[in-house]
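A short write-up of the structure that comes next.
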Amino acid sequence: MEWVAYRGAPLYDEDGNVIGSIEEFFVETDDGPPVWAVVVNEADPATRSYVPMLDARRAEDGQGLQVSVDGDAVRDAPSTDSGDDLSGEQERQLYEHYGQNYPGGQTSEETSNEKRKPGLLQRLFGRDQR
């Protein structure tokens, strides 16, 4: 799938409701698929939500993507302001919030004083254009 083609497209929750528009994708490994979408929130365009790409598929409208995540879960998850990056703690909290294992098996409580692991989540932008 050409992930970069979906930048700016809508991202839909499991019920088909718009979460927001896709700004960026993040990967865990250089050769892996996107594991997170960064979404500009419809209600607050200055805020960015991070949505796991669980069972991501082309939406019925053919314009966006749909994920198997509840919209309320997205609204309750840690988010950032436009231009800000996730801290290591926020990254771990995201995995926990969505019930996913954080790579390396550590929880946010075990690593609260540890600095972010370099390169754990990397921006996808440009990767598809090789």
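The shown structure was predicted, so the numbers you read here are calculated from the model rather than taken from an experiment.
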Evaluate the side-chain proximity of [Y] to [X]: yes if any heavy-atom separation is below 4.5 Å, no if none is.
X	Y	answer
Thr80	Gln90	yes
Asp55	Val67	no
Phe26	Glu24	yes
Glu89	Pro78	no
Asn17	Tyr12	no
Val51	Val39	yes
Leu65	Met53	yes

Heavy-atom pair of closest approach, residues [X] and [Y]:
X	Y	value
Pro34	Trp3	CD-NE1, 3.2 Å
Gly8	Ser21	O-CB, 3.8 Å
Val74	Ile19	CG1-CG2, 3.7 Å
Ala73	His97	O-NE2, 2.7 Å
Pro10	Gln63	CD-O, 4.0 Å

Could you check Gln66 against Leu11 for side chain to side chain contact (heavy atoms under 4.5 Å, CB included), going step by step and ending with a plain yes or no? CA-CA 6 Å; Gln66 187 167 8; Leu11 184 70; over 6 Å; no
With sequence neighbours left out, write down each residue that passes ring pair (Phe, Tyr, Trp, His ring centres under 6.0 Å) with Tyr98, or none if nothing qualifies. Trp36
Please check: side-chain N/O of Asp81 versus main-chain N/O of Asp84, any donor-acceptor pairing under 3.5 Å? no
Treat each ILVMFWY residue as a node, draw an edge where side-chain heavy atoms are under 4.5 Å apart, and state whether Tyr102 and Leu54 are in one component. yes
For residues 59-71, which residue pairs pass the salt bridge (charged side-chain N to carboxylate O under 4.0 Å, His left out) check, not counting sequence neighbours? none
Given the options Val38, Leu94, Asn41, Ser49 meets side chain to side chain contact (heavy atoms under 4.5 Å, CB included) only with Asn41
Please identify each residue that fulfils side chain to side chain contact (heavy atoms under 4.5 Å, CB included) with Ser82, with sequence neighbours left out. Arg48
Residues at least two apart in sequence or cross-chain that pass side chain to side chain contact (heavy atoms under 4.5 Å, CB included) with Pro45, listed by chain then number, are Val40
Kindly write out the residues that satisfy side-chain hydrogen bond (donor to acceptor under 3.5 Å, both in side chains) with Asp72, not counting sequence neighbours, or none if the list is empty. Arg75
